[in-house]
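For reference, the structure is listed below as structure tokens.
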Amino acid sequence: MTEDNGDADRFVEEHERQINDLLQEVDDPADAASDDDGFSMQLGGLELGRRDFVKAGAATGLASAAGAFAGCQTALPESATPSDSGGSGSQGSSAAHSHVVEPGEKDEYYGFWSGGHSGEIRVIGIPSMRELARIPVFNTEAARGYGYDDQSSQILEAGGGYTWGDNHHPNLSETDGDYDGEYLFVNDKANGRIARVNLKYFETDAIVDVPNTQAVHGCTVLSPDTKYVLGNGEFRTPLPNDGRDVNNPEKYTALFSAVDPESMETVWQVKVDGNLDIVDTGKEGRWAIASCYNSEEATEIQGMTHDDRDYAKVFDVPAIEKAVENGDYEEVNGVPVVDGTRDSDLNKGDEPLVRYVSTPKSPHCVEVGPDGKYAFIAGKLSPTVTMLDLDKIGEVDDPADAVAGRPKVGLGPLHTTFDGNGHAYTSLFIDSQVAKWDIEKAANAELGSSDPVVEKLDVHYNPGHIQALEAMTTDPDGEWLVSLNKLSKDRFLPVGPIHPDNDQLIHIGDGEKEMELVADHPAYPEPHDCIFAHKDKINPATTWDKADYEGEKPFVAEGDSGVERTGERSVHVKASSKRSEYGMFDFTVKEGDEVRLTMTNVEGVRDIIHGVAIPEHDVNLAIAPQDTREVTFTADDPGVYWIYCTYFCSALHLEMRSRMIVEPRD
Ligand code: K7E
Ligand code: CUA
């Protein structure tokens, strides 16, 4: 049970040194060509040569089957075979496995990407990596009129009225452990929120501002039936955060929150020691496992990385529900908060709410494998992944006895994914690699052994999440894996100092063959994670069904267009739209009127969207067939304003216009 975790400063320093090394090589490729300079160092128990840091084919432009794998040879156990197939860095052209989807053909999978601090979700086809759509969630977005019409503005307003968010973890709703195609849920780390996207319309339909919490980072649905959406409070704050205890960090606390997926209300929270980073659940609806990187409860980096051990926290969901039912909580801002700290009475006895499992060192991610047997907790500052046996965790007296394995996979392990065929794949942020390893072998090996590692593949560069097809279900599909790399450095045409990320498509097949790097895909900052669903599991509507909004907003049929005065200073304008005219060629209001404009697109065919732009009034609607959108604005200045359609809907699109006439008031 010996392990080499080193201390945090050393890891951080080494990491920075490696990045500097790499950047230098990028600047001066000639220098990099000589890799036999005897440079080597010990890090995390691994003997590393210069080529470990200079990821070949990328930094040097060396063509290179050999080059691409040089980086992993020293780090691999003898049994591992370096690939001879490549990863030449030529963006797919020489790859043995094609990801090309021919013109007119469709992709096999939907990929839903988080958009990081862009606030949006991106929909990308797999394997082509073609971007199909962007779904604005926490951001406003002009192309879809999101944040411009009254309905989406109200969603943003109800969610706290912020103009942006930082979404990391997209999750698909499940029924019986499989994707049911109904919803996608995603966190907002920036403002402590969770949003729901309706997958019939690919539109955000609710945002909850989770009370008592400043950052919701980890986010997942409770398998197998989406009973809750679970969110990890990452930043510790006073509870409630109303000015009390501001200078007493030891009184700050982090909360684990459960949100009802239908009402989107926060139904309970659990107060814990340390903080909360990432979360996933077992497959049976009982366990939620979260990582904690700041067990020190420090407020500065030195303190946060001080200890060699932090923990994983295992939440017993039924036990928490029971505590809430029994009234064993304190209500804070309308939410029952149960005490899951280590000294809590609720954690004594044989059904503790939260089990604290000692784990090295500032662990980052938690992913539960397809069979639900193990939770995989990547060490981040430890080169290991801890496997926690979920069948045992409820049985053992000391939660540490539920640790079933701890392979040493490489430097900076962050996230793990699965091919459904016995392999785990872990991203190595510092090594810029994906390590493939054998799960059962790791369960049988000594803790800290690197024997279970089968293969490593260089990626470009510094991967965060990696995700294989349907890896979070009970039945992963293998075949493709995407590595979401934080830095692209020299991989693309330069576009100024803010570089794209690089999402790399890697062929993994059924896990029996070597991994192959197939394509680079630049990504606008900054996706963190993605999730894939087979196309048969997602069934979007191609036009709106007006029955879905009956009673919430009107449907303006062609004959119903008109202006109604609703008050001294307010009017309601209703209009239909179709190719290539609005229901009214003009309408008249008075200076200073509050105008409520209701517009229906009466088209019955797909793909014919009409837009509404009103110059100088910041009005911008995008209305899909059979949908109705409303916007309320003030007509401040007398004059004539040409309304036009923003979507190129027909040959007479330019002529699709109307006039808003604002008469002077006196
Ligand atoms: Cu690792 Cu927010 Cu999932 Cu980023 S988190 S990488
Ligand atoms: Cu309607 Cu262009």
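Note that the coordinates shown come from a computational prediction; the quantities given were computed from them, not determined experimentally. Order of appearance sets the numbers: ligands from 1, and atoms from 1 within every ligand. Only this structure's heavy atoms are used, side chains among them; waters, hydrogens and symmetry mates stay out.
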Practice item. Show your reasoning for whether ring pair (Phe, Tyr, Trp, His ring centres under 6.0 Å) applies to Phe315 and Trp287. Key: CA-CA 6 Å; Phe315 294 89; Trp287 305 115; over 10 Å; no

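Excluding waters, the count of protein N/O/S atoms less than 2.8 Å from atom 2 (Cu) of ligand 2 comes to 4.
Asn191 places a side-chain N or O within donor-acceptor distance of the main-chain N or O of Trp164, the cut-off being under 3.5 Å. A donor-acceptor contact shorter than 3.5 Å is absent between the side chain of Gln467 and the backbone of Ser483. A donor-acceptor distance shorter than 3.5 angstrom exists from the side chain of Lys313 to the backbone of Asn275, with no hydrogens or angles considered.
Each of Val366, Val368, Ile377 was evaluated against Leu388; a single residue qualifies, Ile377, per the side chain to side chain contact (heavy atoms under 4.5 Å, CB included) test.
Classification of the Tyr549-Phe555 ring pair by plane angle, with boundaries at 30° and 60°, yields parallel. In this structure, Tyr641 and His617 have perpendicular ring planes: the angle between them is above 60°, well past the 30° mark.
Around atom 3 (Cu) of ligand 1, the protein contributes the following N, O or S atoms under 2.8 Å, ordered by chain and number: His169 NE2, His465 NE2.
To the nearest 0.5 angstrom, Ser152 atom OG is 6.5 Å from Tyr146 atom OH.
For the pair Met584 and Lys574, the minimum side-chain heavy-atom distance is 4.5 Å or more.
Under a cut-off of 6.0 angstrom, the local environment of CZ in Phe633 is crowded, with over 12 non-hydrogen atoms contributed by other residues, nucleotides or ligands.
Contact annotation: Lys486 has at least one heavy atom less than 4.0 Å from an atom of ligand 1.
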